[in-house]
**Student:** 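Take this structure first; my questions come after.
Just so you know, residue 1 is the first one in the sequence shown, and it goes up from there.
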Amino acid sequence: MKLETDEFRVREGSTVKLRKWPTRVKPLYGSHQAYRKLLEQHVDGLSEQQQLLYSSNGNAVLLIFQAMDAAGKDGVIKHVMSGVNPQGCQVFSFKHPTPTELLHDFLWRTTLDLPERGRIGIFNRSYYEEVLIARVHPEILLNEGLPILPKETQDSIWHQRYHSIVELERHLFRNGTRIIKFFLHLSRDEQRKRFLARIDEPEKNWKFSLADIEEREFWKEYMKAYEKCLSATSTDFAPWYVVPADDKANSRLIVSAVVLETLKALKMQYPKTTPTRRRELLAIRKRLSK
């Protein structure tokens, strides 16, 4: 199957209905060996592009991953970024806000970890939690120290947050950061199977908690929150990709292809040596030859 990344991209201005987006597509590989070979090709390409990104020092790349529990975010990050130089890549996982973070606006804590030019930053969950879990559990807002707002303003808080997110991402784009956002789209049945595996396989027990099964009860609410979020915040300059996640191998191939495609589109080149720099290098070479 030929990989067309645009099939998974959410168009700006479109209304997302997740029931119309597949959680599984036809395998992009014919065998496990073919999968390994294709992923290796993507990883090698990413390694080359990351070196160009680092040396040209003109852009930064931010990858955002959001998903329901057990969708495979950690595995995607581990396998797709396995060939990238650790010096040029950082991964940040955002859990419950600290008391200090709660004293600031909802975007503050993540902006502190945005990637520098020349580097790739990965957010394993992100500021989008503030329009996802906070929307499913609005009582979370009570701990955020927000000013008391009139009823009509309370109802529009999510639209205000969407607007703040889009404007932040627009600002980052204007200043050289390319943002790619992935929603790993897992089916409820596949999540159940993976939860059972975490219970039945001792080496996976640590991954599972009672909170996971409790959040599963809010599946419909989460899907609605994701639909509204994806519809409101997927833009041409910071697109969302809905990645079918029931097949882990497929999801890794799709993500790696999207990232590689985005990096290649930057058309980066290694810095050119100036005549002055060339003379300096020749002088150094002459000294080393003695």
Side-chain angles (χ1 to χ4, degrees), residues 3 5-6 9 36-65 73-94 104 107-124 126-127 165-182 235-239 241 252-290:
L3 177 52
T5 59
D6 274 355
R9 180 171 177 157
R36 297 300 306 174
K37 183 177 180 180
L38 185 53
L39 182 62
E40 183 178 354
Q41 291 173 358
H42 289 179
V43 169
D44 288 345
L46 286 172
S47 178
E48 180 181 344
Q49 290 297 315
Q50 188 264 336
Q51 290 182 53
L52 281 167
L53 180 73
Y54 188 81
S55 62
S56 59
N57 200 36
N59 293 100
V61 174
L62 175 62
L63 310 180
I64 292 177
F65 290 89
K73 298 189 308 301
D74 293 345
V76 167
I77 294 169
K78 175 183 176 181
H79 287 82
V80 171
M81 307 307 293
S82 60
V84 172
N85 187 334
Q87 290 183 316
C89 180
Q90 288 181 296
V91 181
F92 297 96
S93 296
F94 297 98
H104 294 270
L107 290 171
W108 180 80
R109 67 171 180 154
T110 49
T111 53
L112 295 175
D113 294 320
L114 289 169
E116 306 166 28
R117 289 190 183 90
R119 289 170 170 78
I120 298 173
I122 300 173
F123 285 1
N124 186 349
S126 66
Y127 43 82
I165 288 171
V166 170
E167 288 307 307
L168 169 67
E169 292 175 349
R170 192 191 309 277
H171 166 75
L172 293 174
F173 179 83
R174 284 196 298 257
N175 286 274
T177 298
R178 295 298 174 262
I179 304 169
I180 319 169
K181 302 174 293 195
F182 298 101
T235 60
D236 292 338
F237 52 83
Y241 289 84
R252 293 164 188 170
L253 291 175
I254 293 169
V255 169
S256 58
V258 170
V259 178
L260 182 57
E261 193 175 88
T262 302
L263 286 170
K264 285 184 175 180
L266 294 176
K267 300 185 184 302
M268 297 175 290
Q269 296 181 342
Y270 287 107
K272 293 182 179 180
T273 302
T274 64
T276 301
R277 176 61 174 161
R278 184 60 184 164
R279 287 193 296 271
E280 180 184 357
L281 291 172
L282 289 175
I284 295 172
R285 189 181 193 283
K286 185 176 181 180
R287 292 177 62 181
L288 290 172
S289 300
K290 293 180 179 179

**Student:** Is there a side-chain contact between L253 and L39 (heavy atoms, below 4.5 Å)?
**Tutor:**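 Counting from C-beta outward, L253 and L39 do come under 4.5 Å.
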
**Student:** Ignoring hydrogens, what is the shortest heavy-atom contact between F123 and D113? Give both atom names and the distance.
**Tutor:**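 Answer, listing the atom of F123 first, then D113: CE1-O, 3.6 Å.
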
**Student:** How long is the span from the NZ atom in K272 to the OG atom in S56, to the nearest 0.5 Å?
**Tutor:**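 Answer rounded to 0.5 Å: 13.0 Å.
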
**Student:** Determine whether a donor-acceptor pair (N or O, by modelled atom type, separation under 3.5 Å) exists between the side chain of S47 and the backbone of V43.
**Tutor:**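 No, the answer is negative, given that no donor and acceptor are paired below the 3.5 Å cut-off.
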
**Student:** Which pair of non-hydrogen atoms, one from N59 and one from L53, has the smallest distance, and what is that distance?
**Tutor:**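 Here N59 and L53 meet closest at O-CD1, 3.3 Å.
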
**Student:** Looking only at heavy atoms, which two atoms of D236 and R9 are closest? And how far apart?
**Tutor:**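 Minimum heavy-atom separation between D236 and R9: O-NH2, 3.2 Å.
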
**Student:** Enumerate, atom names and distances included, each donor-acceptor pair closer than 3.5 Å involving a side-chain atom of residues 80-90, sequence neighbours excluded.
**Tutor:**
{"residue": "S82", "atom": "OG", "partner": "H79", "partner atom": "O", "Å": "3.0"}
{"residue": "N85", "atom": "OD1", "partner": "Q87", "partner atom": "N", "Å": "2.9"}

**Student:** Quick one, V61 with L263, criterion side chain to side chain contact (heavy atoms under 4.5 Å, CB included). Give me CA distance, side-chain angles, the key distance, then yes/no.
**Tutor:** CA-CA 8 Å; V61 174; L263 286 170; 3.6 Å; yes

**Student:** Among residues at least two apart in sequence or on other chains, which ones pass salt bridge (charged side-chain N to carboxylate O under 4.0 Å, His left out) with R109?
**Tutor:**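 For R109, the residues satisfying salt bridge (charged side-chain N to carboxylate O under 4.0 Å, His left out) (neighbours in sequence not counted) are E101.
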
**Student:** So how far is it from Q50 CD to M268 CE, rounded to the nearest 0.5 Å?
**Tutor:**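 The CD atom of Q50 sits 9.0 Å away from the CE atom of M268.
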
**Student:** Step by step, work out the side chain to side chain contact (heavy atoms under 4.5 Å, CB included) result for F92 and L112.
**Tutor:** CA-CA 11 Å; F92 297 96; L112 295 175; over 6 Å; no

**Student:** In Å and rounded to the nearest 0.5 Å, what is the OG1 to CG distance from T273 to L281?
**Tutor:**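 If we round to the nearest 0.5 Å, T273:OG1 and L281:CG are 6.5 Å apart.
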
**Student:** Does the side chain of F237 reach to within under 4.5 Å of the side chain of T177, using non-hydrogen atoms?
**Tutor:**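 Result no, sub-4.5 Å side-chain heavy-atom pair not found.
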
**Student:** What are the two closest heavy atoms between P115 and A60, and how far apart are they?
**Tutor:**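 Heavy atoms of P115 and A60 come nearest at O-CB, 3.7 Å.
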
**Student:** Taking side-chain contact (heavy atoms from CB on, under 4.5 Å) as the criterion, tell me which of L62, V255, V258 meets it with I180.
**Tutor:**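 Exactly one option meets the side-chain contact (heavy atoms from CB on, under 4.5 Å) with I180, and it is V258.
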
**Student:** Less than 4.5 Å apart, any side-chain heavy atom of Y270 and any of L52?
**Tutor:**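 The answer is yes, as the side chains (C-beta and beyond) meet within the 4.5 Å cut-off.
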
**Student:** Between CG of N124 and CD1 of I64, what distance do you get to the nearest 0.5 Å?
**Tutor:**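 N124 atom CG to I64 atom CD1 measures 11.5 Å (nearest 0.5 Å).
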
**Student:** Does some side-chain heavy atom of T110 sit less than 4.5 Å from a side-chain heavy atom of F94?
**Tutor:**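 Sidechains of T110 and F94: in contact.
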
**Student:** Report all side-chain donor-acceptor pairs from residues 165-174 shorter than 3.5 Å, counting only partners two or more places apart or in another chain.
**Tutor:**
{"residue": "E167", "atom": "OE2", "partner": "R170", "partner atom": "NE", "Å": "3.3"}
{"residue": "E167", "atom": "OE2", "partner": "R170", "partner atom": "NH2", "Å": "3.4"}
{"residue": "E169", "atom": "OE1", "partner": "Y128", "partner atom": "OH", "Å": "3.3"}
{"residue": "E169", "atom": "OE1", "partner": "K181", "partner atom": "NZ", "Å": "2.9"}
{"residue": "E169", "atom": "OE2", "partner": "Y127", "partner atom": "OH", "Å": "2.7"}
{"residue": "E169", "atom": "OE2", "partner": "Y128", "partner atom": "OH", "Å": "2.7"}
{"residue": "H171", "atom": "ND1", "partner": "N175", "partner atom": "ND2", "Å": "3.4"}

**Student:** Taking R277 first and then E280, would you say they form a salt bridge - that is, a charged N and a carboxylate O separated by under 4.0 Å?
**Tutor:**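 A salt bridge links R277 with E280.
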
**Student:** Quick check for you: to the nearest 0.5 Å, what is the distance between Q51 atom CD and E48 atom CD?
**Tutor:**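 The distance works out to 7.5 Å.
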
**Student:** Roughly how far, to the nearest 0.5 Å, is the NZ atom of K78 from the CZ atom of R252?
**Tutor:**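 So the gap between those two atoms works out to 8.5 Å.
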
